[in-house]
Amino acid sequence: MTLIPSKQKEYTMTKRTLFVFVVVFFAVTLWASVSSAQQMTGSSWALLGPVALCIAGAAVAVGLAGIGSAIGIGYAGQTSLGAMSEDTANFARYLMLTALPGTQGIYGFVIGFLVMLWSGIFGGETATLTIQEGWQFFFSSIPVALAGFLSAIHQGRVCAAGVEMTAKKPNEVGKALVLGVFVEFYAVLGFLMSIILLTRIRG
Amino acid sequence: MKQLSEYRLPFTYNTHYAYGVGRIRALETRLLRRHDISRLVGAEDTDAFLRILGETDYGETVPSLSDPDHFEDFLSGHMASTLNLIVHLSKNPEVTDLLKMRSDYYNLKILLKGSISGRDMEFFLSPSGQVPPAVLLRAIRDEDVGHLPGYLRQTIQTIEGFSPSDEIEPQSLDVLVDKAMFSHFLSVVMKVGMMFLWGWLEREIDLLNIKTFVRLLWSQQAPELLKTNLCDGGSLAVEFYRMLQEEPLDGLPQRFGQTRYARLLDEGIASLQTKGSFARLEQLCDGFLITYLGRARLTTFGLEPLMAYVLIKEYEIKAIRTIFTCKWNHLPPESIQERLPDVYL
Amino acid sequence: MLLAANPTRMHLLRLKKRLKLAIRGHKLLKDKQDELMRRFMDLVKQIQGLRQEVERDLHRAFERFTMARSVMSRASVEEALALPGKRLDVGVTTQRIMNVEVPLFEPRAEGRIYCYGFANTSGELDVSLRSLDAVLLRLLELAQTEKTIMLLADEIDRTRRRVNALEYTLIPSLKETIRFITMKLEELERSNLTRLMKIKEMAEER
């Protein structure tokens with residue numbers, strides 16, 4: 001018996017386990033749906049019709065960009081809260097920096113919305129939608145999804161560092177913001193490219 | 001010539017520390033500035049000193065403190081609360097616990113010395129260790145180390161292996177415990193792979209060895225004591241010092257010219273020879289380590305800023321204690337300034 | 001002052017003997033006093049420098065200790081000095097100076113004064129302990145010499161009192177008594193002579 005209690009190792013789900021879990025889940029779902037579609041129609045891709053592809057594009061754009069924003073805001077927000085638990089005076093400055101990685105999620109949402117609108121899913125005019133157009137909509141939403149996802153995470157880091165700097169030099173918050181906006185720039189490029197691509201699909 | 005490792009920025013990147021680092025950055029703004037320190041140094045007497053200290057982050061309870069023992073308790077209370085904050089924020093308990101284990105090793109020294117001299121030393125035990133003092137006390141008294149954690153058990157066994165009877169010299173005892181502590185810390189930091197702390201320990205051991213070496217040379221007991229009293233694990237091997245044991249004091253800076261400690265030795269030894277005081281050397285060593293800790297500013301996430309904060313806080317408290325003791329004994333401001341690390345002046 | 005004495009020849013002889021003795025004693029004591037004084041002055045001269053030195057060094061050592069104390073926490077000072085490394089035994093014997101017993105210290109020191117590790121201690125502590133160590137033996141020497149001086153001073157005082165007693169009291173009164181007795185005896189002689197002459201005269205008349 002020892003008199004000193006040993007600290008219990010904290011159980012955390014690592015990123016790797018999470019990743020494997022998601023991949024396995026999607027693989028099993030895809031395999032199940034494809035094999036059932038094959039039984040019904042004889043073609044493996046019939047299940048992924050144009051509408052499904054458009055929906056997948058919108059989902060990817062909103063989902064990935066949103067995940068990125070959430071992670072980024074998570075970093076900056078935690079850092080802000082840490083700084084504010086000692087001193088709440090700089091709340092407004094921290095708020096700006098914390099909100100900055102949130103824009104990617106909005107871009108993703110806008111693209112998702114445009115995909116749904118222009119593909120005619122909202123209007124119920126999906127009859128003329130070809131399978132090629134479905135794939136085009138899907139790939140057009142990739143730029144904002146990927147650029148938003150990664151840039152939001154990195155912007156979150158930059159903003160967290162900005163919060164740390166602001167804690168020390170509250171009047172220099174502008175400089176921290178400028179550097180955060182540099183990262184934003186590439187999310188904006190992805191967003192623009194997605195829009196340009198979308199406008200070209202259906203005339 | 002700078003060493004290769006100085007160009008690397010070996011920080012861990014752990015976003016779990018986002019909250020902790022944010023909090024530490026806010027706390028860092030409340031560390032004493034040069035301006036505060038020079039006001040404290042310039043205070044006319046203890047009352048004025050305490051009043052000025054009360055205006056800083058040390059709070060308004062300060063001016064009511066009157067005698068040195070209270071003040072000492074006040075400072076160690078501050079240190080303990082900083083330590084607790086860091087341990088609380090930490091996600092790497094195996095590293096932050098090292099901070100507490102320092103007190104364990106201190107308690108071990110006290111108790112072993114007490115058991116050799118037959119004096120009751122309970123009063124001096126530090127409560128901020130990882131092992132409750134009562135447990136350690138019982139283990140030493142009953143000579144039953146079974147309940148102690150491995151690092152203390154090993155240290156005790158090393159000491160017993162070194163000299164089974166009670167005839168051990170107090171200096172050897174201290175040195176054995178210090179060596180055990182550093183090698184334990186190094187092994188933990190190595191296992192975790194935290195290069196920043198590795199660099200810190202390496203520098204601390206180097207500077208400790210350099211100070212030990214100069215002190216031994218100065219008190220003319222170098223050759224026989226050099227063998228046992230230097231710690232392993234620094235960037236300069238113990239053999240290096242042995243090669244220099246016949247060197248006169250003023251030849252040393254040149255022999256250290258290739259290391260990062262050249263400038264520090266140059267000034268430190270010059271002052272030792274002109275004034276006969278180690279103050280300048282120690283001041284430079286502290287300054288060197290504080291400057292190293294400043295590198296933690298370069299990382300956004302990770303344990304490093306937290307560790308750096310608690311260590312810098314330790315130096316700050318040391319500086320405050322120095323100023324207070326000097327004020328209490330009515331020493332002139334110049335002799336205080338001699339003893340504060342340069343970064344504060 | 002006249003001593004109570006029977007004015008007899010016998011007593012006179014005894015007193016004369018005493019006077020002679022007193023004068024010789026006085027001379028001897030005077031010599032002793034001079035010698036004591038000489039030694040005393042020597043020691044005082046010797047100690048003046050020593051005392052100043054020791055006081056200065058002690059002051060410096062304590063100042064250094066304060067410095068060392070200021071850069072170390074109370075706990076590490078306590079820890080560092082918890083177990084002393086140096087033992088000092090002082091053997092005390094005595095020697096005689098002019099028949100005065102004075103102490104003689106024989107310090108026996110073993111071990112080293114540096115009784116702590118280097119990690120938590122300041123070099124200033126080395127400096128202060130070294131100067132304390134150096135001053136300690138001289139402190140003992142100072143104590144020994146000062147005690148000797150005190151004992152010598154006592155002895156000088158006593159001797160001077162004796163010399164004075166002999167010089168100003170005993171010898172004069174002895175002399176006076178002797179004179180008194182001599183005169184008394186002469187008077188007796190004279191009265192005897194007168195009586196004899198008277199008797200002779202009366203006898204011749206008859």
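Residue numbers begin at 1 in each chain, while the letters A, B, ... track the order of the sequences.
You'll find the side chain of A:E164 reaches within 4.5 Å of the side chain of B:T300, heavy atoms only. Looking at A:K168 and B:R297, their side chains come closer than 4.5 Å, going by heavy atoms from C-beta outward. Looking only at side-chain heavy atoms (C-beta outward), B:Y17 and A:Q78 stay at 4.5 Å or farther from each other.
In terms of heavy atoms, A:A83 sits closest to B:A26 at O-CB, 3.5 Å. Taking each heavy atom of A:Y75 and B:A18 in turn, the nearest pair found is O-CB, 3.7 Å.
Distance check, rounded to the nearest 0.5 Å: CZ of B:R30 to CD of A:E86 gives 5.0 Å. Taking CG from A:D87 and OG1 from B:T29, the interatomic distance works out to 7.0 Å, rounded to the nearest 0.5 Å. Put simply, OG1 on A:T79 and CZ on B:R25 are 10.0 Å apart, with the number rounded to the nearest 0.5 Å.
The candidate from B:L89, B:I24, B:V21 with the greatest count of non-hydrogen atom pairs under 4.5 Å with chain A is B:V21.
In the model, B:Y19 has a side-chain atom that pairs as donor or acceptor with a side-chain atom of A:S85 under 3.5 Å.
Counted within 6.0 Å of CZ on A:F182, heavy atoms from surrounding residues, nucleotides or ligands total 12 or fewer; the atom is thus considered open.
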